[in-house]
Each structure stands twice: as structure tokens, then as C-alpha cells.
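Notes follow once the structure below has been shown.
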Amino acid sequence: KIPLEHRATMSGYSSFPPAARGADVEQTLIDGLASTVSAQAATPPVDGPAAGGLNPTTAAAPSMPSPASTTLAATTPAGGVAQALARQTLEADVRDVTVCNASLLRAIAQGDLSTYRHLVDEDLTCFEPEACGHLVHGLRFHEFYFRLRDQAGGPAANESIVDQHTRVFGDVALVAYVRLRQSPADCSTVRTEETRVWRRARDADQATSSLGKWRLVHFHRSKPQSSFP
């Protein structure tokens, strides 16, 4: 019997807010210049008499808005450039972790040991039903099931990922979800609850795709009870 750890499906991707358009930035610059020109036109001449025959006064010319500050204001209406950059970085991390997790589950389902090794840390630890309550270290325990799957064959099950929740804490990410497996052999549905812990790869900056940026370091998979107590 093939354990549920070796069946999987793809999950959704995170979306990103669109960047500010060039036309919007250009229009903002134009509006800023127009305001400056209007202010200068309303200022009394420096070397002529002011209204009411008073002595002339020297008025400071209004400063021109810099293109850099105007561009930042256009792309971040509420200010907070640092917060906007942090939000974009977080969204990119969530997307990369989601891609890695979905690719891992697909590799397990397809028996792709090469991709599995690429995504998993050599010191992987886990708790899962097949380990009978023991904490598993390393990859040898899991590689056995890859070989077993190749020998078993049979029709593939349909699987769905439900209520996936991804959180990123710096260089560590946590993915939790429920996996539903529909078996065509006996028309049954089995549910497992899974939590997977990812760590940013040491060479993440050199990765050319999302798959090289994170490594799985721990997971916990369990079969929930139907009632309590």
C-alpha cells in the first residue's frame, strides 16, 4: 500500500499587486510642475512695490519637486517606501515557497526522486504514520517508498489541497494544509493534515528559479480523528 506522503497535487499561486504605470508617474510630475508655476505667478515681484504702496519684500521662490520624490509618492501613495518594499519581498517569498511545496508534492506523486532530493534537505526530519510514532531523520526512509511506488503501479488517485496557509518568518516558512486523496480502486476518500517547514537555501541568491530558493527541513503528517474524545 502506497502511503499518502507519496501522492500529491499542485496548489495555487500568490498574486502580486501591479506596479505603478509610467503614465501615472509622468502625470504626477506634470501636476507638480503646474502647481509650482501657479504659485510663482501669484507671488509679487521682488523689485517692484507691493499692493497698498508698501515697501517691496523679498519672497522666497517655491522649491521644484524632485523627480525621485514625485515618483516614490506616485508608487506609494501613503508614503512608507520601506514598508512597500518589505511587502513585495514577503509576497515573492510566499510565491516561491508555494511553488516549492507544490513541486515537492508533485515529485512525490510521480516518483521523481531527483526533484525530491533537490527540494529536501539531507537532514530532513519528520513525524508520519508510517514511522509508528518515531522521529525520522534523513532521506533513506522516504527513498524506500519511491522504489515501492515504482513496483506497485496501478491507477493514480485524485488529490486536492484544501485550506493551504503559508507564513514566512525571515529565512523560515511554514505551510499548513489538508490533503484529500480520492482512490479509484475502492471509491474512498482519505484525509491527512500536513505541516511543512521550509528554510531559505544558502545559495538562494544564485538560484535561477523558485525551486532553488527553499529546502524542506521538517514535516508532520497525521490522520485526524473523526471525533473527540
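Position 1 is the first residue of the sequence; numbering continues from there. None of the values given here were measured: they were computed from a predicted structure.
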_Salt-bridge present (Arg106, Asp112; N to O < 4.0 Å)_ = no

_What I'd like to find out is whether the side chain of Val217 reaches to under 4.5 Å of the side chain of Leu124, using heavy atoms alone._
no

*Got a sec, which residues hit side-chain contact (heavy atoms from CB on, under 4.5 Å) with Val178, two or more places apart in sequence or on another chain?*
Val162, Leu180, Arg191, Glu193

_Show the nearest heavy-atom pair for residues Ser210 and Cys100, with the distance to one decimal._
O-SG, 3.1 Å

_Thr189 side chain reached by Arg181 side chain, heavy atoms, under 4.5 Å_ = no

*According to a 4.5 Å side-chain heavy-atom criterion applied to Ile, Leu, Val, Met, Phe, Trp and Tyr, with indirect links allowed, do Ile108 and Leu139 form part of one hydrophobic cluster?*
yes

*Under a single-linkage definition using a 4.5 Å side-chain heavy-atom cutoff for Ile, Leu, Val, Met, Phe, Trp and Tyr, are Trp214 and Val172 assigned to the same hydrophobic cluster?*
no

*Using the side-chain contact (heavy atoms from CB on, under 4.5 Å) rule, take Leu104 and Arg196 through it: C-alpha gap first, then chi angles, then the decisive distance, then the call.*
CA-CA 11 Å; Leu104 174 74; Arg196 296 184 183 268; 3.7 Å; yes

*Given the rule in the side-chain contact (heavy atoms from CB on, under 4.5 Å) test, do His142 and Val136 qualify, once you have shown the distances and angles that lead to the verdict?*
CA-CA 9 Å; His142 309 289; Val136 177; 4.1 Å; yes

*Should the pair Arg199-Asp171 be classified as a salt bridge under the 4.0 Å nitrogen-to-oxygen rule?*
no

_Could you walk me through whether Asp93 and Arg200 satisfy the salt bridge (Lys or Arg N to Asp or Glu O under 4.0 Å) test, starting with their C-alpha distance in whole Å, then the side-chain angles of each, then the deciding distance to 0.1 Å, before giving a yes or no?_
CA-CA 9 Å; Asp93 285 341; Arg200 196 184 305 275; 3.1 Å; yes

*So do Phe219 and Thr125 actually touch side chain to side chain, heavy atoms under 4.5 Å?*
no

*Flag side-chain contact, heavy atom, 4.5 Å: Glu91 against Val94*: no

*To the nearest 0.5 angstrom, please state how far the CD atom of Glu128 sits from the NZ atom of Lys223.*
10.5 Å

*For Gln164 and Tyr177, which heavy atoms make the closest approach, and how far apart are they?*
CA-CB, 3.7 Å

*So, His134 versus Phe141, ring centres under 6.0 angstrom or not?*
no

*Salt bridge between Arg221 and Glu130, side-chain N to carboxylate O under 4.0 Å?*
yes

_All side-chain contact (heavy atoms from CB on, under 4.5 Å) counterparts of Asp203, not counting sequence neighbours_ = Ala201, Gln206, Arg215

*Closest approach of Ala107 to Tyr116 (non-hydrogen atoms, all atoms of both residues)*: CB-N, 4.1 Å

*Given side chains that start at C-beta, do those of Val168 and Leu174 come closer than 4.5 Å, heavy atoms only?*
no

*asked:* For Trp198 versus Leu119, what's the shortest heavy-atom pair and its separation?
replied: CZ3-O, 3.6 Å

*For the residue pair Phe127 and His218, does the interplanar ring angle fall in the parallel (under 30°), tilted (30 to 60°) or perpendicular (over 60°) class?*
perpendicular

_I want to check something: taking the side chain as every heavy atom from C-beta on, are Glu143 and Leu113 in contact at a cut-off of under 4.5 Å?_
yes

_With no hydrogens and no angle check, just 3.5 Å: does a side-chain donor-acceptor pair link Thr195 and His220?_
no

*Nearest-0.5 Å distance, CG of residue Asp96 to CG of residue Leu211*: 9.0 Å

_Between Asp121 and Leu216, is there a side-chain heavy-atom distance shorter than 4.5 Å?_
no

